[in-house]
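Beneath this line is the structure, given in structure tokens, with notes to follow.
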Amino acid sequence: MTALSSYAFQVQEIAKQMRGCRMAGMDIDFDFLVVGSGAAGLVGAIGASIMGLRPLIIEKADVWGGTTAISGGVLWIPGNDVMARDGDSDDAQGARSYVNALLGDVTEREMAKAEAFLANAPEMARMLAGEGLNWIRSRKHPDYYPHVTGSSVGRTLESAQVDGRMLGDRFHTMRAASLDLPAITSDQFGTVTRAKTAPGPLLETALTVGRYKVRRLLGQKPLGNGRALAASLMKIAMARGIPIRLSTRLIELLHTDGAVTGAVVESDHGRERLDALAGVLLAAGGFARNAALRKELQDRDRVWTNAIPEDEGDAYAAASAIGADHERTDDCWWMPSIQVSPSANGLALGLRALPGSIVVNAQGRRYMNEAASYMSTGKTMFENGAADADHWLIMDGKFLKRYIFAELSQKGIRDQMMAQGYLKRAASIRELAIQCGLDPNVLEETVERFNTFAREGQDLDFGRGNTDYDRYWADPNHEPNPSLGEIRHSPYWAAVLRPGDLGTNGGIKTDEWARVLDTSERPITGLYAAGNSASSPFGRTYPGAGATIAAASTFGYMAAMHAAKRHRNAPSAPMAQI
């Protein structure tokens with residue numbers, strides 16, 4: 001039994017001793033307030049309930065699930081139980097070396113946060129499995145920095161497909177519940193994209209879609225990816241009797257004698273005070289949709305975010321108002337995105353890695369390994385001026401015929417993009433360059449140089465296609481390099497590519513227990529933050545697929561552990577060790 005498991009057992013025993021008081025009519029409605037209903041909030045509430053607290057979740061949207069419900073729904077958890085069950089051992093020191101190398105020279109507090117994640121993420125996943133969440137593993141997904149010592153493959157978990165009917169009426173208030181999408185695993189995304197390239201991917205895709213349609217005809221509501229994770233977490237919350245209030249916005253925190261004891265919230269019924277003697281967990285996301293905060297904290301006037309509309313910085317504002325500190329608010333979770341309309345973006349994953357496309361700047365030149373992780377490429381785009389001048393994803397006709405994409409494979413969306421100037425089509429590279437406002441000679445030279453690399457199978461400029469991650473989104477049936485393909489089939493296409501983001505990754509400053517810190521780095525008693533409300537434990541990096549949700553869930557869990565210890569006066573315990 002780990003140290004944290006032993007500690008959790010102690011808290012549960014204390015909770016059992018308290019049960020008699022509740023049965024005697026001395027109970028109150030709740031004692032732990034969770035702000036936000038994504039993974040951080042749901043896991044925090046579940047952990048609090050297991051530890052004997054009585055959580056209440058509030059959500060300002062009229063739907064629950066947060067960003068988690070529209071995400072890939074994966075969690076990067078080195079050393080997880082599913083890996084061990086599969087016989088794939090994960091060296092604890094390797095994972096630690098990998099994360100430490102990514103962090104570089106950081107403070108003792110920042111290193112402690114990273115250590116807390118590595119030590120307790122597997123315990124958090126084990127706790128959810130014990131409550132009924134069925135984890136499956138993305139066996140093929142490599143870490144995002146495969147050149148760094150300690151990187152590995154297969155550290156990512158996700159929820160197995162679930163039937164939304166298990167939620168009853170609550171299914172109808174889940175974010176994205178109305179989307180008619182086949183339930184697939186993360187490893188199937190690439191297969192679906194390549195469905196037209198070979199009999200194997202085509203058959204697998206057909207079977208996946210066919211099974212989904214049959215289940216729908218039988219009245220089921222098959223959910224995969226982020227919707228499956230959100231639904232699975234909500235099912236646990238419902239089973240534990242955890243209440244949730246939608247359309248309820250955090251206004252301010254109640255701060256008395258140096259401790260947070262609740263919050264003032266606002267709903268259709270007006271403002272009210274919610275007392276939470278065990279504390280408050282801020283899990284309401286970042287500030288990606290708050291233009292004023294992005295200007296103040298990031299000095300950015302133009303942003304292309306894929307965050308949910310409610311990601312407006314409520315947690316940041318409330319915590320700052322009582323003296324909370326913040327860090328790295330200038331950064332975000334970068335994601336290259338094609339401009340679909342003035343207000344909509346499309347995520348560019350396989351678009352950048354599959355053979356037959358390149359990215360060029362406003363002069364028509366390549367400047368990066370397009371197939372690297374979205375965190376790396378998005379940041380590189382921003383640093384190379386993509387927020388101030390149009391950069392372009394150059395593709396040939398074979399590329400669009402051979403691969404399937406959410407937006408560009410639909411003629412109606414292509415026509416819309418062309419009408420608004422976000423997509424160009426031409427019979428030659430030279431004509432395409434003129435349409436895009438690029439130097440025709442430069443673009444022709446760029447394409448020809450890249451075509452030479454594609455024929456030889458080696459990108460001598462940026463090393464595209466050299467790593468496991470580059471090849472993960474590429475085409476394994478393409479030779480000699482699965483990520484390098486000539487751009488030589490008319491018509492030629494160019495789509496405007498933006499330095500988009502998935503949300504902000506800097507925020508409220510916290511410690512290894514998810515406690516919010518003031519400007520003197522002292523914990524504000526009773527106040528916790530997790531997910532994009534808090535600064536990332538990974539600094540300015542993104543270790544692997546699902547690192548955001550994994551960190552959110554782990555520190556939601558850690559907040560619950562600490563709140564239970566403080567509220568029940570349980571004996572302290574050291575961190576669990578890998």
Side-chain angles (χ1 to χ4, degrees), residues 32-36 40-41 43-44 47-48 99 103-120 250 252-263 276-287 293 296-298 313-332 503-541 548 551-567 572-575:
F32 187 64
L33 183 63
V34 177
V35 185
V43 175
V99 171
L103 284 175
D105 186 16
V106 296
T107 66
E108 182 177 342
R109 174 189 59 83
E110 291 173 300
M111 187 59 69
K113 281 183 65 173
E115 288 285 341
F117 169 80
L118 291 170
N120 294 286
L250 172 68
E252 62 179 308
L253 295 165
L254 299 175
H255 191 232
T256 306
D257 297 328
V260 169
T261 57
L277 298 182
V280 176
L281 169 59
L282 300 176
F287 54 90
L293 276 179
E296 174 189 345
L297 300 173
Q298 300 183 332
D314 293 358
Y316 174 88
S320 297
I322 63 167
D325 202 359
H326 59 84
E327 61 183 342
R328 289 193 300 274
T329 51
D330 61 317
D331 209 356
C332 59
T504 50
N505 79 335
I508 301 166
K509 184 180 285 189
T510 57
D511 67 5
E512 70 271 26
W513 284 101
R515 295 181 296 181
V516 172
L517 305 178
D518 65 17
T519 53
S520 298
E521 290 213 354
R522 294 173 301 194
I524 298 176
T525 302
L527 186 60
Y528 307 87
N532 284 358
S533 290
S535 61
S536 168
F538 307 121
R540 299 181 184 276
T541 67
T548 51
S553 302
T554 300
F555 284 99
Y557 173 66
M558 296 299 297
M561 299 302 103
H562 191 276
K565 178 189 74 172
R566 186 181 71 86
H567 194 55
S572 60
M575 280 286 181

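Index from 1, following the sequence. All values below come from the heavy atoms of this structure, side chains included, with hydrogens, waters and symmetry mates left out.
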Sole residue of Trp513, Phe555, Phe32 in ring-ring contact (aromatic ring centres under 6.0 Å, His included) with His562: Trp513

Heavy-atom check, side chain of His255 versus side chain of Val260, under 4.5 Å: yes

Check: Cys332 main-chain N/O paired with Thr504 side-chain donor or acceptor under 3.5 Å: no

Side-chain (Glu327) to main-chain (Gly506) donor-acceptor, under 3.5 angstrom: no

Min side-chain heavy-atom separation Arg566-Thr525 under 4.5 Å: yes

For the student: nearest non-hydrogen atoms of Gly323 and Ile524, plus distance: C-CD1, 4.3 Å

Pairwise distance CG(Leu297) to CZ(Arg328) - rounded to 0.5 angstrom: 14.0 Å

Ala114 backbone acceptor or donor facing Glu512 side chain under 3.5 Å: no

Heavy-atom closest contact (Ala560 atom, Ala48 atom, distance): CB-N, 3.3 Å

Over all atoms of both residues, closest heavy-atom pair of Pro523 and Asp511: CG-OD2, 4.4 Å

Leu250 versus Ala263, closest heavy-atom pair with distance: CD1-CB, 3.6 Å

Reported CD1-to-CZ distance for the pair Ile508 and Arg515, which is rounded to 0.5 angstrom: 15.5 Å

From Thr519 atom OG1 to His326 atom NE2, the distance as rounded to the nearest 0.5 Å: 10.0 Å

Non-hydrogen side-chain atoms of Phe117 and Val99 separated by less than 4.5 Å: no

Partner of Leu527 under side chain to side chain contact (heavy atoms under 4.5 Å, CB included), chosen from Asp518, Val280, Leu517, Thr510: Val280

Expected output: side-chain Thr554 to main-chain Asn120 donor-acceptor under 3.5 Å: no

Ser520 (side chain) donor-acceptor with Arg522 (main chain) under 3.5 angstrom: no

Inter-residue atom distance Gln298.CD - Phe287.CZ, 0.5 Å rounding: 4.5 Å

Nearest heavy-atom neighbours spanning Leu103 and Gly539: CD2-N, 3.7 Å

Shortest non-hydrogen contact between Ala284 and Ser533, atoms and distance: N-OG, 3.0 Å

Side-chain (Ser536) to main-chain (Asn505) donor-acceptor, under 3.5 angstrom: no

Salt bridge Asp330-Arg540, side-chain N to carboxylate O under 4.0 Å: yes

